[in-house]
Participant: 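Pasting a structure here, questions to come.
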Amino acid sequence: MKLKSKIHLFSTLLMLLILIITNVGIYLIYSQNTYETELQQLRAESEILVHALSQMTESTNPATILRAYSPANGAVRIVNTLGEIEVEVNTTDRVDAVKVQEVTAETQEVNTINGSKMLTLSIPIIDSSGAISQLQVIQVLTDVERNLNELMLILISITLVGTIPILISSIVLGKLVTQPIQKLILTMKYIQNSGSYEQIKTSDHRKDELAQLEHTFNDTMILLERNYKKQEQFVSDASHELKTPLTVIESYASLVNRRGISDPKIIQEATQAILQESVRMRDMIEQMLQLARYDEELVINRQATDLLEVIEQTVRSMKQAYHREFNLIVDPNFETLIYKTDEQKLKQLLFIFLDNARKYSEEEVDLHITETPNFIKIAITDKGIGIPSEAIPHVFDRFYRVDEARNRKTGGTGLGLSLAKEIAKGLNINLNIISVLNVGTTITLELEKK
Ligand code: ADP
């Protein structure tokens with residue numbers, strides 16, 4: 001069964017059920033009250049009659065008194081101890097079928113006799129001779145019946161007429177709920193067939209959950225499209241970047257093949273170039289793999305770390321590897337000794353920046369460690385070639401290099417800073433670059449104090 005049909009069916013049935021229960025309740029309460037009122041009236045009249053009978057003398061004809069108090073549509077009887085009717089005054093012969101009952105206490109009952117509802121009240125009385133007889137007052141409930149029938153008719157009409165708005169509202173409700181879902185299904189099918197990242201048309205004035213569903217769907221589509229384009233860009237950049245070293249290797253290999261075996265100069269030049277390009281290619285592939293891994297999930301393992309020790313170790317390794325001057329300058333007010341971070345990731349981050357500072361400068365590199373109330377700052381400053389101001393916003397993009405010629409010499413891949421950006425994000429570190437062309441570059445790492 002379709003969702004629309006289910007909504008129709010269940011909402012209509014439920015509303016109808018509520019309507020029927022309400023109407024049946026109204027009918028039952030009303031009829032109960034009406035019978036109660038009739039009974040009270042009859043009892044009040046009977047009490048007056050009983051009083052009048054008790055005042056009666058030997059000479060009084062009981063029929064005269066009964067006539068005076070007989071109900072408009074019914075009868076009054078005096079029944080003796082043998083169960084025989086002694087006197088009866090009636091205003092309708094429909095009461096003839098009402099049986100005489102032997103009672104010792106006051107009783108009342110409603111019977112349906114020959115299709116007519118009758119209320120019978122039996123009261124024990126002491127007659128003029130001192131014997132206990134019974135006064136039976138019978139009221140035919142024609143008016144009550146008519147009123148109740150009318151009420152039932154009205155309530156049935158209300159139920160039938162009420163079904164129309166219930167049906168209309170259930171159709172509207174079904175449409176309201178299923179239309180956005182239908183739209184969603186159609187868009188998804190279109191996406192499946194076309195392979196595009198289609199969005200749903202949404203209206204701004206709707207703020208319900210279904211509108212939220214549409215907005216969330218559109219946001220997801222935007223995100224998926226953005227990620228897909230990023231991936232596509234990455235694959236195309238990666239293949240383009242790998243093509244260059246491969247072309248260099250191929251051309252040198254064919255040069256050696258053609259002329260080189262006997263020429264040691266060509267062999268030396270070729271092996272050097274092939275080695276350099278192979279190393280670059282290996283670095284690039286390693287960094288690409290790391291970026292791909294970090295894209296999925298960068299696992300950060302924070303532990304209490306001696307921050308200065310970590311920085312000193314990194315600087316020592318850099319000095320050893322490149323035989324260059326790295327000056328570590330710690331602010332005299334620096335206090336934080338233990339800091340919670342991922343030591344390996346922080347080292348990797350420092351290596352990337354120190355390596356760039358070394359690659360793009362000839363002179364010594366300075367590391368300033370300072371502290372503010374909220375941050376620990378590590379500033380890495382080189383006096384190198386610097387970055388043109390228009391290039392600064394792009395240096396963290398994948399495969400971005402300021403200019404091909406100067407980077408070829410340094411063997412860069414254009415992936416170091418994008419890797420650094422991912423690691424810094426994982427470690428909650430803010431990065432700032434200040435650079436002046438041909439003067440130098442300062443990269444500041446801001447480590448948030450917790
Ligand atoms: P690469 O492997 O080419 O160094 P990066 O992503 O690390 O790639 O850096 C991107 C580009 O930013 C570099 O190619 C370089 O042109 C520029 N750059 C980065 N750091 C510095 C620096 N300290 N001085 C001058 N230029 C820099």
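Indexing begins at 1, ligand by ligand and atom by atom, following the structure's order. Just so it is clear, the values below take in all heavy atoms, side chains as well, and ignore hydrogens, waters and symmetry mates. Sequence positions, counted from 1, serve as the residue numbers for this chain.
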Participant: Check ligand 1 against L415 and write out every atom of the ligand that is under 4.0 Å from a heavy-atom position of the residue.
Facilitator: 6 (O), 8 (O)
Participant: Taking distance alone, with no angle check, do N356 and ligand 1 share an N/O pair under 3.5 Å?
Facilitator: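 Yes; at least one N/O pair falls below 3.5 Å.
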Participant: So, D283 and T413: side-chain donor and acceptor under 3.5 Å apart, yes or no?
Facilitator: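 No pair is found: no donor N or O on one side chain lies under 3.5 Å from an acceptor on the other.
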Participant: Which ligand 1 atoms does V402 reach within 4.0 Å, using its non-hydrogen atoms?
Facilitator: 14 (O), 16 (O), 17 (C)
Participant: Pull out every atom of ligand 1 sitting under 4.0 Å from any heavy atom of K359, numbered as shown with elements.
Facilitator: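 Ligand 1 atoms under the 4.0 Å threshold to K359: 1 (P), 2 (O), 4 (O).
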Participant: For ligand 1, which atoms sit closer than 4.0 Å to a heavy atom of T413?
Facilitator: 1 (P), 2 (O), 3 (O)
Participant: Are the side chain of D342 and the backbone N or O of K345 linked by a donor-acceptor pair below 3.5 Å?
Facilitator: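 Judged by distance alone, yes, a pair lies under 3.5 Å.
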Participant: Given D283, I387, I385, T381, identify the one with the heavy atom nearest to atom 18 (N) of ligand 1.
Facilitator: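 It is I387 whose heavy atom sits nearest to atom 18 (N) of ligand 1.
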Participant: Is K117 salt-bridged to E145, going by a charged N under 4.0 Å from an acidic O?
Facilitator: no
Participant: Could you list which atoms of ligand 1 come closer than 4.0 Å to a heavy atom of L417?
Facilitator: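 Per the distance check, 5 (P), 6 (O), 7 (O), 9 (O), 19 (C).
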Participant: Would a 4.5 Å heavy-atom cut-off, applied to side chains only, mark I123 and L121 as touching?
Facilitator: yes
Participant: Please confirm whether G384 approaches ligand 1 to less than 4.0 Å, judged on its heavy atoms.
Facilitator: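 No heavy atom of G384 comes that close to ligand 1.
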Participant: With the threshold set at 4.0 Å, does a side-chain nitrogen-carboxylate oxygen contact exist between K449 and E371?
Facilitator: yes
Participant: Sub-3.5 Å donor-acceptor pair from the side chain of S194 to the main-chain atoms of S196, do we have one?
Facilitator: yes
Participant: Can you tell me if D366 and T381 form a side-chain donor-acceptor pair at under 3.5 Å?
Facilitator: no
Participant: When you compare the side chains of E269 and Y252, does any donor N or O come within less than 3.5 Å of an acceptor on the partner?
Facilitator: yes
Participant: For ligand 1, note which part of Y400 has a heavy atom under 4.0 Å away: side chain, backbone, both or neither.
Facilitator: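 For Y400, only backbone atoms sit under 4.0 Å from ligand 1.
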Participant: Please list, in number order, the atoms of ligand 1 under 4.0 Å from a heavy atom of G416.
Facilitator: 5 (P), 6 (O), 7 (O), 8 (O)
Participant: For ligand 1 and R401, I'd like to know whether there is a polar contact (N/O to N/O, distance under 3.5 Å).
Facilitator: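 Not met; the criterion fails.
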Participant: Please check whether I352 reaches ligand 1 - meaning an N/O of the residue sits under 3.5 Å from an N/O of the ligand, judged on distance alone.
Facilitator: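 Among all N and O atoms of I352, none is under 3.5 Å from an N or O of ligand 1.
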